[in-house]
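Sharing a structure, written as structure tokens. Questions coming.
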2 protein chains.
Amino acid sequence: MQYKWVASRLQELEVACRENRLPVTAQRRMIFEELLARDDHPTADQIYEAVRTRMPQLSRTTIYRTLDTFVELGVIRRVAHAGGARYDANTARHHHLVCSACGKMADVLEPSLDQLTLRKGKRLGFRIDDYSVHFTGICADCQSHS
Amino acid sequence: MQYKWVASRLQELEVACRENRLPVTAQRRMIFEELLARDDHPTADQIYEAVRTRMPQLSRTTIYRTLDTFVELGVIRRVAHAGGARYDANTARHHHLVCSACGKMADVLEPSLDQLTLRKGKRLGFRIDDYSVHFTGICADCQSHS
DNA sequence: GTTCGTGCAAACAATTTGCATAAGT
DNA sequence: ACTTATGCAAATTGTTTGCACGAAC
């Protein structure tokens, strides 16, 4: 089940690459798999450290370029975070909890938040593509360690 | 009216400084005024460029340290943005429109979004302090320049 | 007078770029 | 074969730190 989901997401990547005439390289596959395997919204560097163990010659440069490419292709998202860019393989609408002490970020699935709308008069001419609710607070770990 | 508001916010800064035994310096006042005067959620560097015209000897270091201090004091907020930290003098609950092309950020005042709640079961042990809705899309300028 | 802030220069970290080589189609 | 990606090193940008001097309380 998780297995099938990973396979289908990988296929999604291959299709997106082929449609844009981009080669499906080992690095791309590996970076994408790493992102699929985790839900902690890693930084570019965290992905680098993780993937490097399996592919030691891999360079940081490739991580940065590949993540940009994936965002362009729409197969992952770059998510705004006070401490720098984070990446998320979950492209469906969802929301986030962010710990203001340690920066930890967790997903929130809350369907009641998935249909919010902004009145036209408030849009300032923006063409809105998506939205997400950022809850900020202190995570369980940081509450106990204080 | 705007004038009164600026005055009262400046007073808020002075009170916060005194309560924490921090001197109210000319730089602090000037950086705070600059932030009060704009609603475009500038980066540290944008504030530096703006304030520097009136106070040429001011250093970047001071900007960074002062902004950190203000966030600590709770008189401004650091807001998450894909392209790095942004600062906002508006500490009341409000929401944002973000242009994914140019990074522009604008405030959204939409009272209907100010009372959202997250069910306890979804909170993962976080103590939630606040939240804000991030709408992402393409701003009017970027739509026309394409 | 004492404490804390500020400016400078240097350190550091994160991200980007140019170019030769390697891999995917 | 052709095109695009990759790795390396260097450049660039954003941010932090140590220290001597100056300003606010």
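Everything quoted here is computed from the prediction, not taken from an experiment. Order of the sequence lines sets the chain letters (A, B, ...), proteins ahead of strands, with each chain counted from 1.
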Could you state the CD1-P distance from B:I63 to C:dG5, rounded to the nearest angstrom?
15 Å
Would you kindly give the CZ-to-P distance between A:R18 and C:dT25, to the nearest whole Å?
7 Å
Candidate nucleotides D:dC8, D:dT15, C:dG7, ranked by approach to the side chain of B:A85 - the nearest
D:dT15
Testing D:dA9, C:dG24, D:dG14 for proximity to the side chain of A:P23, the answer is C:dG24
Report yes if some heavy atom in the side chain of A:I138 is under 4.5 Å from a heavy atom in the side chain of A:S100; otherwise report no.
yes
Atom CZ of B:R29 and atom C1' of D:dA24 are separated, to the nearest Å, by 11 Å
Atom CD of A:Q46 and atom C1' of C:dA14: how far apart are they, to the nearest Å?
13 Å
Considering only side-chain heavy atoms of B:Q27, which listed nucleotide, C:dG7, D:dA9, C:dT15, is closest?
C:dG7
Atom CG of A:D45 and atom C1' of C:dC12 are separated, to the nearest Å, by 13 Å
A:R127 vs A:D129, test: salt bridge (Lys or Arg N to Asp or Glu O under 4.0 Å). Steps then yes/no.
CA-CA 6 Å; A:R127 190 198 72 218; A:D129 296 326; 3.2 Å; yes
Using heavy-atom distances to pick each residue's nearest nucleotide on DNA chain D, tell me which of B:A44 and B:A26 is more 5'.
B:A44
Closest-nucleotide 5' rank along DNA chain C - winner of B:T66 and A:D68:
B:T66
Is the phosphate of C:dG7, meaning OP1 or OP2, less than 4.0 Å from a side-chain N or O of B:T62?
yes
Is any N or O donor-acceptor pair between the side chain of A:R28 and the base of C:dG24 shorter than 3.5 Å?
no
Determine the contact category for B:T43: base if any of its heavy atoms lies under 4.0 Å from a base atom, sugar-phosphate if only primed atoms, P, OP1 or OP2 are that close, otherwise nothing.
nothing
Closest approach to the side chain of A:V24, judged atom by atom: which nucleotide of C:dT25, C:dG7, D:dT15 is it?
C:dT25
Can you measure A:R78 atom CZ to C:dA14 atom P for me and round it to whole angstrom units?
16 Å
Answer with yes or no whether A:R21 presents, from its side chain, a donor or acceptor under 3.5 Å of a partner atom in the base of C:dG24.
no
Side chain of B:Y64 only, please: which of D:dT15, C:dT15, D:dA9 is the nearest?
D:dT15
Tell me whether the centres of the aromatic rings in B:H96 and B:H41 are closer together than 6.0 Å.
yes
Greater than 12 external heavy atoms within 6.0 Å of B:R21's CZ:
no
Just checking A:T25: base, sugar-phosphate only, or nothing, at a heavy-atom cut-off of under 4.0 Å?
sugar-phosphate
When rounded to whole Å, the CD to P distance for the pair B:E19 and C:dC4 reads 17 Å
What's the CG-P distance between A:L58 and C:dA22, to the nearest Å?
17 Å
Under a 3.5 Å cutoff, is there a donor and acceptor pairing between the side chains of B:T66 and B:T69?
no
Which residue lies toward the 5' end of DNA chain C, A:R65 or B:R65, if each is placed at its nearest nucleotide?
B:R65
Reference residue A:Y87; test side chain to side chain contact (heavy atoms under 4.5 Å, CB included); the match among A:V71, A:T43, A:I31
A:V71
